[in-house]
Protein chains: 2
Amino acid sequence: MLRVSRLTDYATVVMTCIAAHPSDVLSTAQIADEARLELPTVSKLLKLLGHAGLVESFRGVNGGYRLARPAEAISLADIVEAMEGPIGMTECSVAQGQCDRQAQCGVSDSWRSVSGAIGGVLRAMTLAQMLAGRPTAPAKDATQVAQANA
Amino acid sequence: MLRVSRLTDYATVVMTCIAAHPSDVLSTAQIADEARLELPTVSKLLKLLGHAGLVESFRGVNGGYRLARPAEAISLADIVEAMEGPIGMTECSVAQGQCDRQAQCGVSDSWRSVSGAIGGVLRAMTLAQMLAGRPTAPAKDATQVAQANA
DNA sequence: TCAATACCGGACCAAAATGGTACTGTTTTC
DNA sequence: GAAAACAGTACCATTTTGGTCCGGTATTGA
């Protein structure tokens with residue numbers, strides 16, 4: 001179905017929960033409760049999001065998590081990349097050179113181009129927009145441009 | 001990595017091979033040879049592509065496959081959907097209603113919007129463009145629009 | 001008519017990815 | 001020093017994916 005993993009989906013929910021309480025440090029338990037997800041799962045998500053530098057963690061009593069930068073400065077692409085690695089639709093879009101068919105394979109360039117465009121769509125959606133919960137204008141524009149050119 | 005399945009990747013290769021010989025009926029063996037893929041795999045791909053109405057099949061001696069319509073009228077979205085089903089980034093982008101969190105989940109609308117935009121990117125890339133093997137203009141435009149709006 | 005060619009529709013299986021859980025360690029606060 | 005809370009890692013069940021095989025049917029042509 002060409003979809004992101006379920007954990008990536010969860011990660012966006014978790015991130016919007018955190019973003020809804022700016023300048024508060026929320027514990028994993030609080031976040032799990034608000035997102036209605038299992039605590040161990042949320043813990044795992046937050047670890048990955050922390051490694052990617054999207055959230056800051058604080059240990060000890062009254063510790064927890066907080067956004068590492070404003071919601072406007074975090075894109076959906078950031079979250080997807082944190083969970084799934086670099087965005088690329090095919091294996092040779094990301095790491096090229098290990099496909100012996102590459103020479104006569106005219107398809108790889110097209111896939112790379114498409115991957116770039118999709119990355120653009122993901123970069124255009126910010127966490128702030130997702131928090132607002134509105135079908136946002138930028139992504140719509142990209143759709144229409146693409147369709148007009150089809 | 002947010003990627004299409006390997007079979008989908010193969011399907012694009014197979015489709016461009018067929019498109020390279022318009023008005024010829026190619027056997028599975030010929031296609032497998034040209035695409036440098038295993039014959040049973042190609043057979044499976046062609047079955048799915050046939051069900052989706054992208055290729056026509058002919059049985060019997062000198063049978064084989066042919067594009068069901070011109071390469072200009074077949075988009076990458078057609079191929080992806082033939083292999084992976086409807087395009088949607090999350091489960092609730094495609095089938096909504098089975099997620100009990102949907103009510104307070106402000107994220108689903110954003111994902112749906114993004115899914116639509118990505119579908120647009122995929123629809124903008126035609127098989128004819130992939131055959132030409134050029135980084136095509138339309139997808140590039142979509143990228144730039146998305147980035148400009150970010 | 002019969003044999004060869006080639007697609008059709010399944011079933012099947014091994015390997016990998018995914019999602020989820022548990023456990024132990026370390027840091028910080030009170 | 002005890003409790004709270006994150007850190008790291010390992011583990012397992014399930015599902016998905018990729019790949020293969022086989023019996024059936026349609027078409028051609030000798």
Side-chain angles (χ1 to χ4, degrees), chain A residues 1-14 18 24-33 35-68 80 82-85 89-91 94 99, chain B residues 1-14 18 24-68 80 82-85 89-91 94 99 101:
Chain A
M1 192 186 45
L2 178 59
R3 55 171 171 62
V4 296
S5 77
R6 200 188 304 188
L7 286 194
T8 302
D9 190 1
Y10 291 168
T12 60
V13 176
V14 163
I18 300 176
D24 270 358
V25 172
L26 302 176
S27 73
T28 305
Q30 287 176 291
I31 297 170
D33 186 54
R36 287 152 212 268
L37 295 170
E38 294 303 315
L39 192 141
T41 301
V42 173
S43 169
K44 188 184 212 173
L45 292 173
L46 288 168
K47 244 174 286 179
L48 289 172
L49 293 168
H51 289 162
L54 301 183
V55 297
E56 277 181 323
S57 67
F58 300 93
R59 305 180 91 167
V61 178
N62 294 116
Y65 291 92
R66 189 174 63 181
L67 290 188
V80 170
M83 302 300 299
E84 318 204 351
M89 299 300 285
T90 60
E91 300 182 20
V94 173
C99 173
Chain B
M1 193 187 40
L2 178 56
R3 56 171 171 66
V4 296
S5 77
R6 200 189 304 188
L7 286 195
T8 302
D9 190 359
Y10 290 168
T12 60
V13 176
V14 163
I18 300 176
D24 269 358
V25 172
L26 302 177
S27 72
T28 305
Q30 286 177 292
I31 298 170
D33 185 55
E34 193 156 338
R36 286 152 211 268
L37 296 171
E38 295 304 314
L39 192 141
T41 301
V42 173
S43 169
K44 187 183 210 172
L45 293 173
L46 288 168
K47 248 176 283 182
L48 290 171
L49 293 168
H51 289 163
L54 301 184
V55 297
E56 276 182 322
S57 66
F58 300 92
R59 305 179 93 169
V61 177
N62 295 117
Y65 292 91
R66 189 174 63 183
L67 290 189
V80 170
M83 301 300 299
E84 318 204 352
M89 298 301 285
T90 60
E91 301 183 23
V94 173
C99 173
R101 291 178 267 272

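When reading the values below, keep in mind they use all heavy atoms of this one structure, side chains included, and skip hydrogens, waters and symmetry mates. A note on names: the letters A, B, ... follow the listed sequences, proteins ahead of strands, and every chain is numbered from 1. Because the structure is a prediction, the values reported are computed rather than measured.
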#### Entry: side chain to side chain contact (heavy atoms under 4.5 Å, CB included) assessment of A:Met89 paired with B:Thr8
CA-CA 10 Å; A:Met89 299 300 285; B:Thr8 302; over 6 Å; no
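For A:Glu38, the CD atom sits in a loose shell: 12 or fewer heavy atoms of surrounding residues, nucleotides or ligands are nearer than 6.0 Å.
Distances shorter than 4.0 Å separate none of the side-chain N or O atoms of B:Arg6 from OP1 or OP2 on C:dA16. Using a 4.0 Å cut-off, some side-chain N or O of B:Tyr65 falls inside it from OP1 or OP2 of C:dC8. Distances shown here put a side-chain N or O of A:Thr28 below 4.0 Å from the OP1 or OP2 atom of D:dC6.
Rounded to a whole Å, the CG atom of B:Leu37 is 9 Å from the P atom of D:dG19. Straight-line distance from the CD1 atom of A:Ile18 to the P atom of D:dC6: 11 Å, rounded to whole Å. Whole-Å rounding puts the A:Leu39 CG to D:dA4 P distance at 14 Å. One atom, NZ of B:Lys47, and another, C1' of C:dA6, lie 12 Å apart when rounded to the nearest Å. What separates CD of A:Glu84 from P of C:dG19 is a distance of 8 Å, to the nearest Å. The distance from atom CG of B:Leu45 to atom P of C:dG9 is 15 Å, rounded to the nearest whole Å. Protein atom CG of B:Leu2 is 12 Å distant from nucleotide atom P of C:dT18, rounded to whole Å. A straight line from CZ of B:Arg66 to C1' of C:dC7 spans 15 Å, rounded to a whole angstrom.
Using a 4.0 Å heavy-atom criterion, one finds that B:Ser43 contacts no nucleic acid atom at all.
In this structure, the side chains of B:Leu54 and B:Leu48 stay at 4.5 Å or more apart for every pair of heavy atoms.
Each of A:Thr8 and A:Asn62 lies near DNA chain C, and the nucleotide nearest A:Thr8 is the one positioned closer to the 5' end.
Against DNA chain C, the stretch residues 49-60 of chain A makes heavy-atom approaches under 4.0 Å through A:Arg59, A:Gly60.
Rounding to the nearest 0.5 angstrom, the gap separating the CD1 atom in A:Ile31 from the CG atom in A:Leu46 is 5.0 Å. Atom-to-atom distance recorded for A:Asp33:CG and A:Thr28:OG1 is 12.5 Å, nearest 0.5 angstrom. Atom CD of B:Gln30 is separated from atom CD1 of B:Ile18 by 10.5 Å, given to the nearest 0.5 angstrom.
Each of C:dC7, D:dG19, D:dC6 was ranked by its minimum atom distance to the side chain of B:Ser27; first place goes to C:dC7. Comparing atom distances between the B:Glu38 side chain and each of D:dT20, C:dG19, D:dG19 picks out D:dT20 as nearest.
Without hydrogens or angle criteria, A:Glu84 side chain to A:Ser5 main chain gives a donor-acceptor distance under 3.5 Å.
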